[in-house]
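Chain letters run A, B, ... following the sequence lines, proteins first, then strands; residues in each count from 1.
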Amino acid sequence: MSDTTPEGKRDETGEGAMPKTYDPSSVEERLYKQWEDGGYFKPSDGDREPFVIIMPPPNLTGELHLGHALMDTVEDILVRWHRMRGHPTLWLPGIDHAAIAVHVLMERGLAKEGLTRQEIGREAFLERTWDFVNKSRARIFDQHKRLGASADWSRETFTMDPGPARAVRAAFYDFYQRGLIYRGERMINWCPRCQTALSDLEVDHQEEQGFLWHVRYPIINDAGEPTGDYITIATTRPETIVADTAIAVHPEDERYRAFIGRKARLPIIGRELIIVGDEAIEREFGTGALKVTPGHDPVDFEIGQRHGLPIVNALNLDGTMNHEAGPYAGMDRFVCRDAIVRDLDEQGFLVKTEPYAHSVGHCDRCDAIVEPMISEQWFVAVNKEFAPGRSLAGEALKVVNDGLIEFVPERFTKTYTNWMENLRDWCISRQLWWGHRIPVWYCDACNATIVPPPDIEEPATCESCGGAELRQDDDTLDTWFSSGLWPVSTLGWPDDTDELRRFYPTTVMETGYEIIFFWVARMIMMCLAAMDGRRDTLEERIPFRYVYLHGMVRDEHGAKMSKTKGNVVDPLELVEKYGTDALRFSLITGGGTGQDQRLWEDKVEAGRNFANKLWNAGRFVISQLPEGETHVPPSADMRTSWAVEDRWILSRLSRVTAEVEQLTRDFQLNEAARRIYDFLWGEYCDWYVEMAKVRLRQEQGTGSKEQGPSPLPVLVHVLETGLRLLHPYMPYVTEELWQRLRPFAAEPPSEMLIVAPYPKADPALEDADAEIQVEGLIDLIRQIRDIRSVHKIPAGEWIPSVKYTAITSEVMSATLPDFDRRNGLVLTALRESAAIVRQLARVQAVEQGGHLGEGIKAHLQRDQRGRVRFVAAGLDVLLVLPSSQDASAERARLEKEIAETEGYVARLNGKLGNEQFRSRAPADVVASEEERLAAAQGRLDGLRRALGELA
RNA sequence: GGGCGAUUAGCUCAGAUGGCUAGAGCGUCUGUUUUACACACAGAAGGUCGCAGGUUCGAGUCCUGCAUCGCCCACCA
């Protein structure tokens, strides 16, 4: 039958024989197409609250990596869950133009051809870039699809598309009108390699081994002549000496107090420097005296502002020294550094050189060392009050502090608020070509700055003088300016579209914690401002309700995956080898929310094994279903006709369903997935299916159903429900199996599983008694199997008999009525389901016996068979072995059990003997401890008796 | 200099609001072609939950301190 299907043979129709092993490659592409063609990825109509995720736009530069795979998995789980719960669900995908990243990439490409962007010019550069963009775009989406992402591809958006571009102009215009965007000369970070300004965030501080050079500056008198005194400063950047305009000391520093107000002469350059007192100086650091370079250091700039110091810029934009550097003009900054140190030394100004580790700013993209410089750039005024008590950062802080936006995991809230509280103005102009051109024109005739409203893509004449000679600002905007508008721009803002009204605010922003500042914070600031005046309350203006942050996927050794290290794992390779479901499952169960995880092939194998386990469970169930017979899901009013194991598995199903619901609501997806896994594998497959086989065998053997109700309806129902529970996590194998089960359903709820209703717990099916009963059966079976193992009874050999009787617990039954009730339940189960114990433990006869007390010794004298007495499920049990037992092995087994149980009993006695515990712990905790003690005590008595009889 | 995270079985990790004898996967050991699955089944071994205090009837879980590793932020030149 099914086994004959050759492996690897494609089963295009999805019908027919099921291969023995689940083959993802024969399923995934076909099902994805069915889902997409069926329109299931588009939001459904209806009045229910929509669930919306805007996909973080991956940038164009790279292939999809495991971080994206994790992102897709988390988002797809949330999306599929809400979709199945009947919410109109929108997952809106997009791509980011990644201005500086792509720019650097393109420049590297040019460099390989021996070209620079300046040589080919702006137009040709942009043409090449668009070519590249159009090629990667399609590939990236294809990769998402391979991961099963059920996003609405018909809405795919690119940050450079006309819509988002218009949103960028609109936001720029709006912010400019409100004074939230301004142009000014400020200290910025300059990358000499990229030749652009950078925001503070794009500077990567790295600890480096450098030197602290101590340099003495001669003090001069009013006539400009050396007094013979010196003041010694310490610096890590001696090349900036040429731009010094002052020396600063702490105003209360006894060593230097007398120098304040006097002058010094700059070595080599000869400039006169004033000595100022400023509180910013750390007396303990270096010499306690600071050379002040307002043109090339942010702190010095501020000192300069306070004391009205002149600013000297000594650097060209490419990192070479300019004319201010005198003899060093034209040198590269680091060549200059060496030259100056040498000259200072030769001229006797260098006092000391000490090794010194300090952090140096590098360009995030190209790793060149960044220079602080004064430059005219565009900024977003994050702290400016545009209305009384309101600023961009202030409102962005408020919505989080007030709980309108929640971070998952919660600890990131603090990361966010700390940052937001110390925010400085955001430099948004970049001297790059690839990106949104700054929508500002200048009229050279009258010096006007023109910022046209968004619908004017290019103003024709000057607003103030009417001149037609307008020149657009050469610069482009920081990528994150357009990304910051993403939640509104993808929905049609600045127009008040139906989409915006329906889907804004979005529900969840799911992304990596490494871009909280870059992106999440900017979205919150910008979207709040963008929606200002269009929505009344902050609650309606926030871009999203929840920020869910996933961790980083690292390699086997915990190292960050990177191309240079060569340890990058391609998710698509894993998909090919193990299947999408396997990868998704291992990613989602791989770690806690927001926690980094390690991933390697062994882990994905575990996911693959689970998919295959389900496949085979499905294969078995389907093989048992008579052709053409359909089933109605069991409901609680039918319960009297079910076997105990049916009641048990349905009860467990309901409880697990409830747990999964709660865990998913709390974004504990890893736990939810684990719970489903444990249920389906550990309870359904390992026990229920095996128990059901017993009745199926009887049915098939006798051709009748006299042995009780058929397990088929429950067998099918629990599997079908389990598939629905698991579908968000492992969409393909569940859909495939569900399709194969669908013909057997009397009333299938939908065409495809992707839109079938997500299971709901049914408390009416929960059955504590059945759980006690089946747990008892399982305990008994397990112990018999253990004994088989200890006594080396081959798995295939039948054990002659097992007899059991209730432990008559003198004390316990008097004090704990529940003890007897539980035993009664187990006895009933054993009577009704003796066949299960017979089959699963391989025992020929399972019977209740009243007189186990006659002891083992008597038996031993009568025949050669071994006998083992033990306690299981609260019962006294006597097992007759096929041959004489190994007494020492049995003694060892019993002694170990006894020791364990004694320890447990002692602990419980200690607890229950404590008056404090009895009086302070909740009554139900005390009661359950008492019950445990009763059970353990009974067990201990039985074990001791068994050991005694063995002697 | 601040802030955060991690520390649980040989390895990788779960254990939300304190309460079963702390779990899983992989690995190890012993068995098994028991007719869904060897990508499997049955059984077993393996943990003073980083250390020291504290709160509590009760702590892997909460508090304080410490140690080790990692990350983020920061204008001590």
Side-chain angles (χ1 to χ4, degrees), chain A residues 2 18 20-22 187 205 212 233-237 240 248 280-282 284-287 289-293 297-302 356 358-359 372 409 411-412 414-415 418-419 422 513-514 516-517 551-552 556 558 578 582 586 589-592 594-600 602-603 605-624 662-663 666 668 670-671 674 677-678 682 685-686 689-690 693 782 785-786 788-790 792 794-796 839-840 842 900-901 903-904 907-908 911 914-922 924-926 928-929 932 936:
Chain A
S2 52
M18 294 174 74
K20 198 167 163 181
T21 307
Y22 172 57
M187 176 72 58
H205 294 272
L212 194 57
I233 57 88
T235 179
T236 54
R237 295 193 298 156
T240 63
I281 309 305
E282 284 294 328
E284 289 72 33
F285 187 88
T287 62
L290 171 74
K291 71 187 221 25
V292 184
T293 320
D297 186 282
V299 177
D300 295 11
F301 177 77
E302 283 169 22
Y356 181 67
H358 60 133
S359 84
R411 63 186 147 89
F412 288 110
K414 204 169 161 185
T415 310
N418 282 349
W419 187 78
N422 299 299
Y513 62 74
E514 69 276 7
I516 293 177
F517 307 138
M552 203 181 288
E556 188 172 351
Y578 300 102
S586 48
T589 54
Q595 211 62 53
D596 290 355
Q597 60 171 302
R598 304 181 189 190
L599 188 91
W600 65 97
D602 285 6
K603 287 196 172 182
E605 240 175 66
R608 188 249 345 236
N609 294 352
F610 182 39
N612 189 54
K613 185 73 184 177
L614 285 173
W615 178 257
N616 274 290
R619 199 160 73 101
F620 172 73
V621 171
I622 289 164
S623 76
Q624 300 298 312
Q662 192 54 48
L663 288 164
D666 294 345
Q668 306 217 33
N670 58 329
E671 274 302 304
R674 249 179 259 261
Y677 172 96
D678 287 344
C685 289
D686 285 352
V689 171
E690 294 306 315
K693 279 180 187 172
R782 281 206 163 122
R785 284 170 172 175
D786 182 22
R788 295 181 74 106
S789 175
V790 166
K792 307 245 184 301
Q839 286 290 331
L840 301 192
R842 292 224 146 200
E900 276 175 13
T901 312
Y904 185 42
R907 232 170 310 157
L908 289 173
K911 209 177 206 180
N914 184 344
E915 239 345 276
Q916 297 279 354
F917 173 71
R918 286 187 173 280
S919 58
R920 300 207 185 187
D924 60 317
V925 173
V926 177
S928 71
E929 295 291 317
R932 278 175 205 144

Next on the checklist: Check the phosphate of B:U12 against A:Arg598, side-chain N and O only, distance under 4.0 Å to OP1 or OP2. Yes or no?
Outcome noted: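 Yes, A:Arg598 has a side-chain N/O under 4.0 Å of OP1/OP2 on B:U12.
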
Checklist entry - Is any side-chain nitrogen or oxygen of A:Arg782 closer than 4.0 Å to OP1 or OP2 of B:G43? => result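 Answer yes for this pair, as a side-chain N or O of A:Arg782 is under 4.0 Å from OP1 or OP2.
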
Checklist entry - Could you give the CZ-to-P distance, from A:Phe285 to B:A77, as a whole number of Å? => result 5 Å

Checklist entry - Say you pick atom C1' in B:U17 and the same atom in B:G10; how far apart are they, in whole Å? => result 34 Å

Item to check | Rounded P spacing from B:A22 to B:C63 in Å | outcome: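 These two P atoms come out 23 Å apart once rounded.
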
Looking at [X] and [N], is any side-chain donor or acceptor paired with a base atom of the opposite kind under 3.5 Å?
X: A:Lys613; N: B:C37; value: yes
X: A:Arg411; N: B:C4; value: no
X: A:Lys20; N: B:A38; value: no
X: A:Glu671; N: B:A24; value: no

Next on the checklist: Here's a test of your reading of the structure: between A:Arg237 and A:Gln624, which maps to the more 5' nucleotide of RNA chain B?
Outcome noted: A:Gln624

Checklist entry - Taking the inter-plane angle between the rings of A:Phe285 and A:Tyr356 on a 0 to 90° scale, is it parallel (under 30°), tilted (30 to 60°) or perpendicular (over 60°)? => result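 Rings of A:Phe285 and A:Tyr356: perpendicular, as their planes differ by over 60°.
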
Counting side-chain heavy atoms from CB outward, which of [options] is closest to [X]?
X: A:Phe517; options: B:G3, B:C72, B:G15; result: B:C72
X: A:Arg842; options: B:U34, B:G15, B:A77; result: B:U34
X: A:Gln595; options: B:A36, B:U12, B:A14; result: B:A14

Checklist entry - Starting at the 5' end of RNA chain B, what dot-bracket string do you get if Watson-Crick and G-U pairs under 3.5 Å are bracketed, crossing pairs use [ ], other-strand pairs use | and unpaired bases use dots? => result (((((((..((((.....[...)))).(((((.......))))).....(((((..]....))))))))))))....

